[in-house]
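Let me begin by presenting the structure, written as structure tokens, before commenting on it.
Just so it is clear, the structure is predicted and the values come from calculations on it, not from any experiment. By convention here, the first residue in the shown sequence is residue 1. Computed from heavy atoms alone, side chains included, the values below leave out hydrogens, waters and symmetry copies.
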Amino acid sequence: MKKQKVKIGFAPTRRMVFSPEAAGQQKELIEAKLREWDVDYVGLDWLNEEGLLYDPLDARRVAERFKAEGVEALFTPHCNFGTEAAVAVLARAVGKPLLVWGPRDEGPAPDGSRLRDTQCGLFATGKALRRMNVPFTYIVNSSVDSAVFERGFHLFLGAVAAANGFLGARIGQISTRPAPFWTTMYNEGELLERWGIQIVPTTLVEVSQAVMGKVKKTPDELQETVIDFRAKADFSDVDDEQMARIAGLKLVLLEFAQGNELDALAIQCWSALQRALQIRTCFVNGVLTDMGLPVACETDVHGALTSVLVQAAALNAKPTFFADLTIRHPENDNAELLWHCGCFPPSLAVDGEARGVEVGRFPAAGRWEIRGGDVTLARFDGDHGSYSLFIGEAKGTKGPATNGTYLWVEVDNWPKWEEKFIYGPYIHHCAGIHGRLAPVLYEACKYIPGLQPDPIEPTEEEIRAYWRGENLA
């Protein structure tokens, strides 16, 4: 997986009545910081000698330039007071996520004069953006070198990537939901109408025929994949014919995804496919997820979309894992088992422990515990036309070994989590990813119309405090 970059439209702004020299100095400091962070941005040096936005009549020209350059978000640092009209018109015209911030002002000069009044200008811009119905993200007025600015800027990049990954996503649906699973019902029309999300369906018959075609006609093509699979886990009890089918399934699903430019898959992983191919999909699901193509079990389209969201929130730099919420810890009232039949990515397995596969009647499902540490869990879901995103952070903990792929996690108050899932609109599936991404996912909802963030741990106020940098020295 390769870390994603977010292309920023960099539009530093000033106001005519304050020092242009001071504004120019701040612009240079900010731009140097963007280069230090290796940010992909398009600036305004072409607009005027200062490279600053201060004339509202220039806003539409800047918007056209930014759109032509394909920017994914806007950053409008207020280098002195700033011009709220120009910022509001620009943001409305571009229609992308917006980051508003300004470097903290120095104190008044000995004669009482002030060079910038940046904070005052930020207040003005906030009101103008509200009047223009423009959603935006704000970082507390702070110095260019502050940890508050650095944290907020990188959180914003993750939120932009998450929202952009969700909007217009393309999900491959492989067959219908399993008949008993009312939980994975969804409204395809609403996903398209609200967020431009497209579902690309295929059938198990087409997939099975394609797999058997590869096994019979191009066996040599499968060998590299078979070798790779045997290096990833212990397939010693799986015969060559079964290995060929497992490898063929991986190649067929990958070709389906690449040919249709899909962001994730939702597959009916049991039980028709087992009967058709005499194998299970679990290990293949984990390998594809490891490659940056999340696969959700039991044709859970909402689960696939959740996986897209959380992977993008991490700038596509690490894999997700798709888990059932299953049982409470036998001794720890605030711990829960995250489990699935064997689909967690092999790269997440606990270091140094053997990665086995379940064979049984149909191979192959992974059998390993994955690494703990900080974990973010999320679930996009809805019913009756209302949608929300459950967001929670947990930590890995010790617990009894079990089959399949699994991780025990501990939270502050599991009964509150359990109650949340029972009352819904969520189900027993969630997408997990390592790291603390609740603030990113929370902010991403701001840029997904009609999706309400539903954080539990940390709470909404704790997330806002994190954005404000209240826990930083």
Exercise. Should D351 and R371 count as side-chain neighbours, where that means a heavy-atom distance under 4.5 Å?
Worked result: yes
Problem set entry | Validation row, ring centre H428 to ring centre F421 under 6.0 Å | no
Exercise. If you count the non-hydrogen atoms of other residues, nucleotides and ligands that lie under 6.0 Å from NZ in K398, is the total more than 12?
Worked result: no
Exercise. Should the heavy atoms of other residues, nucleotides or ligands under 6.0 Å from CZ of R130 be counted, would the total exceed 12?
Worked result: no
For this session: Please answer whether the main-chain N or O of Q119 pairs with a side-chain N or O of R104 as donor and acceptor at a distance below 3.5 Å.
Result: no
Exercise. Do I433 and F321 come close enough that some side-chain heavy atom pair is under 4.5 Å?
Worked result: no
Exercise. How about Y426 and W417: are their ring centroids closer than 6.0 Å?
Worked result: no
For this session: Mark yes when over 12 heavy atoms from residues, nucleotides or ligands other than W46 sit less than 6.0 Å from its CH2; otherwise mark no.
Result: yes
Problem set entry | Backbone of V140 reached by a side-chain donor or acceptor of S142 within 3.5 Å | yes
Seminar exercise, completed: Here the salt bridge (charged side-chain N to carboxylate O under 4.0 Å, His left out) pairs for residues 407-432, sequence neighbours left out, are K420-D454
For this session: Report, as yes or no, whether the 6.0 Å neighbourhood of atom CZ on R436 holds more than 12 heavy atoms from other residues, nucleotides or ligands.
Result: no
For this session: May I ask you to check whether over 12 heavy atoms, not counting those of R131, lie within 6.0 Å of atom CZ?
Result: no
Problem set entry | side chain to side chain contact (heavy atoms under 4.5 Å, CB included) between E298 and C269, worked out | CA-CA 6 Å; E298 288 123 14; C269 49; 4.2 Å; yes
For this session: Not counting sequence neighbours, which residues clear ring pair (Phe, Tyr, Trp, His ring centres under 6.0 Å) with H154? List them please.
Result: W37
Exercise. Between H429 and F181, how do the two ring planes meet: parallel, tilted or perpendicular, split at 30° and 60°?
Worked result: tilted
For this session: Would you check if the side chain of R379 reaches a backbone N or O of T306 as a donor-acceptor pair within less than 3.5 Å?
Result: no
Problem set entry | Check: L47 and D58 side chains under 4.5 Å, non-hydrogen atoms | yes
Exercise. Around R114, counting heavy atoms of other residues, nucleotides and ligands shown, do more than 12 lie under 6.0 Å from its CZ?
Worked result: no
For this session: Check whether more than 12 heavy atoms from other residues, nucleotides or ligands sit under 6.0 Å from atom CD of E461, and answer yes or no.
Result: yes
Problem set entry | CA sep, side-chain torsions, deciding dist, call: V295, C343, side chain to side chain contact (heavy atoms under 4.5 Å, CB included) | CA-CA 9 Å; V295 183; C343 63; over 6 Å; no
Exercise. How many angstroms lie between CH2 in W368 and CD in E353, if you round to the nearest 0.5 Å?
Worked result: 12.5 Å
Exercise. To the nearest 0.5 Å, what is the distance between CD1 (I171) and OG1 (T299)?
Worked result: 13.0 Å
For this session: Please indicate whether E36 has more than 12 foreign heavy atoms, meaning atoms of other residues, nucleotides or ligands, lying under 6.0 Å from its CD.
Result: yes
Problem set entry | Donor-acceptor pair, side chain of T125 and main chain of L122, under 3.5 angstrom | no
Seminar exercise, completed: One should read off an interatomic distance between Q4 CD and N316 CG, to the nearest 0.5 angstrom, of 5.0 Å
For this session: Tell me, with the steps shown, if F166 and F380 meet ring-ring contact (aromatic ring centres under 6.0 Å, His included).
Result: CA-CA 10 Å; F166 180 87; F380 161 78; 5.2 Å; yes
Exercise. With no hydrogens and no angle check, is any side-chain donor or acceptor of S307 less than 3.5 Å from a backbone partner on G303?
Worked result: yes
Exercise. Do Y442 and E460 meet the criterion of a side-chain donor-acceptor pair at a distance under 3.5 Å?
Worked result: yes
Exercise. Does the K2 side chain pair with the main chain of A317, one donor and one acceptor, at a distance under 3.5 Å?
Worked result: no
Problem set entry | Beyond-backbone contact of L155 with Y466, side-chain heavy atoms, under 4.5 angstrom | yes
Seminar exercise, completed: When rounded to the nearest 0.5 Å, the distance separating NZ of K250 from CZ of F283 is 10.0 Å
Problem set entry | Any E443 side-chain heavy atom under 4.5 Å of K446 side chain | yes
Exercise. I8 pairs by side chain to side chain contact (heavy atoms under 4.5 Å, CB included) with which of D40, L157, V42?
Worked result: L157
Problem set entry | side chain to side chain donor-acceptor pair (under 3.5 Å) partners of residues 10-23, not counting sequence neighbours, each pair once | R14-E50, R15-E84, S19-E21
Problem set entry | Distance-only polar pair, side chains of D300 and T184, donor-acceptor under 3.5 Å | no
Exercise. Checking salt bridge (Lys or Arg N to Asp or Glu O under 4.0 Å) for the pair K33/D145: CA distance, chi angles, key distance, verdict?
Worked result: CA-CA 8 Å; K33 188 62 68 175; D145 292 322; 3.0 Å; yes
For this session: Run the ring-centre check on Y406 versus F344 and record whether the distance is less than 6.0 Å.
Result: no
Exercise. Taking NZ, NE, NH1 and NH2 as the nitrogens, is one of them in R60 or E64 under 4.0 Å from a carboxylate oxygen of the other?
Worked result: no
For this session: Return yes if some donor-acceptor pair links the side-chain N/O of N141 with the main-chain N/O of G102 below 3.5 Å, else return no.
Result: yes
For this session: Take F156 and W467, measure what ring-ring contact (aromatic ring centres under 6.0 Å, His included) needs, and give me the verdict at the end.
Result: CA-CA 10 Å; F156 175 71; W467 271 92; 7.8 Å; no
Exercise. Salt bridge between D38 and K3, side-chain N to carboxylate O under 4.0 Å?
Worked result: no
For this session: Answer with yes or no after comparing the ring centroid distance for F75 and Y41 against a 6.0 Å cut-off, counting only values under it.
Result: no
Exercise. Counting distance only, does the side-chain N/O of D105 pair as donor-acceptor with the main-chain N or O of T118 below 3.5 Å?
Worked result: yes
Problem set entry | Polar side-chain atom of H340 near backbone of G342 as donor-acceptor pair, under 3.5 Å | no
Exercise. Between the main-chain N or O of A266 and the side-chain N or O of Q173, is there a donor-acceptor pair closer than 3.5 Å?
Worked result: no
For this session: Classify the side-chain pair N471/R151 by whether it contains a donor and acceptor separated by less than 3.5 Å.
Result: yes
For this session: Working to the nearest 0.5 Å, report the span between CG of L98 and CG of L90.
Result: 8.0 Å
Problem set entry | Sub-6.0 Å ring centroid separation between F149 and W101 | yes
Problem set entry | Approximate separation, where rounding is to 0.5 Å, of L377 CG and L437 CG | 10.5 Å
